[in-house]
Amino acid sequence: MIAIGNDHAAVELKNEIVEYLKEKGIEYKDFGCGEGEKCDYPNAAEVVCKAVVNGEAEKAILICGTGVGISIAANKVKGIRAACCSDYFSAKYTRLHNDANVLCFGARVVGAGLAKELVDVFLNTEFEGGRHARRVDLIRQMEENF
Ligand code: RB5
């Protein structure tokens, strides 16, 4: 299952991504806020990241205005590697090299077409492992140290 969440700045794009996941037959759970609701991005990040670290969700998508605030908040959760991406290459390589488990982007930054490409490549790219696994382990070690 893919968890998805958003703040009030990203309702429209979240809805488009939900429709896209439906079309693709990808199982998802929408934790985000709807039209007319106010939702602070740290709260949206927290509920979605909880679903990832407790194993309910395999990966997640988080959207706010810039994608930055929600990625900063998501990365406070132990076990989360959230990447804020507004280009295809970064969304691909953050899976290959960082084993990112949360994709973030900004509704005020990317259009729906690019957002769907980012989702596709993020969900369909496997972690390369090897030398990158050692580096991801160093990140885990940092979580223990601080
Ligand atoms: C909300 O207005 C906005 O600050 C938020 O969506 C996000 O862009 C923060 O990083």
Side-chain angles (χ1 to χ4, degrees), residues 1-127 132 135-146:
M1 183 272 275
I2 303 302
I4 184 162
N6 61 286
D7 74 355
H8 51 265
V11 178
E12 206 178 305
L13 184 55
K14 188 276 304 285
N15 288 339
E16 293 213 43
I17 299 299
V18 161
E19 282 310 309
Y20 187 64
L21 294 174
K22 269 191 215 164
E23 274 170 33
K24 293 254 163 189
I26 297 169
E27 197 194 336
Y28 71 92
K29 185 166 171 185
D30 182 2
F31 291 88
C33 75
E35 205 56 62
E37 287 179 67
K38 275 270 170 197
C39 169
D40 294 322
Y41 63 84
N43 296 330
E46 188 174 357
V47 65
V48 163
C49 290
K50 229 180 242 177
V52 174
V53 294
N54 72 19
E56 185 187 354
E58 184 195 321
K59 292 192 188 82
I61 300 162
L62 286 171
I63 321 168
C64 68
T66 59
V68 176
I70 209 157
S71 64
I72 291 172
N75 279 313
K76 298 297 175 195
V77 178
K78 193 174 171 181
I80 292 297
R81 290 175 302 282
C84 181
C85 300
S86 48
D87 68 281
Y88 185 92
F89 185 86
S90 300
K92 178 175 178 177
Y93 276 80
T94 199
R95 286 289 310 129
L96 287 172
H97 288 186
N98 317 128
D99 198 17
N101 47 14
V102 180
L103 171 68
C104 305
F105 47 81
R108 295 170 181 157
V109 181
V110 302
L114 175 56
K116 290 172 193 174
E117 293 284 312
L118 298 176
V119 166
D120 263 346
V121 74
F122 184 82
L123 297 184
N124 293 314
T125 304
E126 289 304 318
F127 179 45
H132 303 294
R135 292 162 185 160
V136 172
D137 281 343
L138 289 170
I139 296 173
R140 288 197 187 94
Q141 195 56 58
M142 285 178 72
E143 286 179 330
E144 298 303 323
N145 295 346
F146 288 91

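This structure is a prediction, so every number in the text was calculated from the model and none was measured. Each ligand, and each atom within it, is numbered from 1 in the order the structure gives. The basis for the numbers below is simple: all heavy atoms, side chains too, and nothing from hydrogens, waters or symmetry mates.
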Give every pair made of an N or O atom of ligand 1 and a protein N or O atom lying under 3.5 Å apart, one pair per line with both atom names and the distance to 0.1 Å, or write 'none'.
{"unit_1": "ligand 1", "atom_1": "6 (O)", "unit_2": "Asp7", "atom_2": "OD2", "d": "2.5"}
{"unit_1": "ligand 1", "atom_1": "6 (O)", "unit_2": "Gly65", "atom_2": "N", "d": "2.7"}
{"unit_1": "ligand 1", "atom_1": "8 (O)", "unit_2": "Gly65", "atom_2": "N", "d": "3.3"}
{"unit_1": "ligand 1", "atom_1": "8 (O)", "unit_2": "Thr66", "atom_2": "N", "d": "3.0"}
{"unit_1": "ligand 1", "atom_1": "8 (O)", "unit_2": "Thr66", "atom_2": "OG1", "d": "3.3"}
{"unit_1": "ligand 1", "atom_1": "10 (O)", "unit_2": "Thr66", "atom_2": "OG1", "d": "3.1"}
{"unit_1": "ligand 1", "atom_1": "10 (O)", "unit_2": "Gly69", "atom_2": "N", "d": "3.0"}

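By the 6.0 Å contact criterion, CD on Glu27 is open, its count of non-hydrogen atoms from other residues, nucleotides or ligands being 12 or less.
Aromatic ring pairs are classed by plane angle as parallel below 30°, tilted from 30° to 60° and perpendicular above 60°; the pair His97 and Tyr93 is perpendicular.
Considering only heavy atoms from C-beta on, Lys116 comes within 4.5 Å of Glu16 through its side chain.
Between Asn98 and Arg81, the closest heavy-atom pair is O-NE, 3.1 Å.
In terms of modelled atom types and a separation under 3.5 Å, the side chain of Glu35 and the main chain of Val11 share no donor-acceptor contact.
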What side-chain donor-acceptor pairs closer than 3.5 Å can you find for residues 2-10, not counting sequence neighbours?
{"unit_1": "Asn6", "atom_1": "OD1", "unit_2": "Lys14", "atom_2": "NZ", "d": "2.7"}
{"unit_1": "Asn6", "atom_1": "OD1", "unit_2": "Cys33", "atom_2": "N", "d": "3.3"}
{"unit_1": "Asn6", "atom_1": "ND2", "unit_2": "Cys33", "atom_2": "O", "d": "3.0"}
{"unit_1": "Asp7", "atom_1": "OD1", "unit_2": "Ala9", "atom_2": "N", "d": "2.9"}
{"unit_1": "His8", "atom_1": "ND1", "unit_2": "Cys39", "atom_2": "N", "d": "3.3"}
{"unit_1": "His8", "atom_1": "ND1", "unit_2": "Cys39", "atom_2": "O", "d": "3.0"}

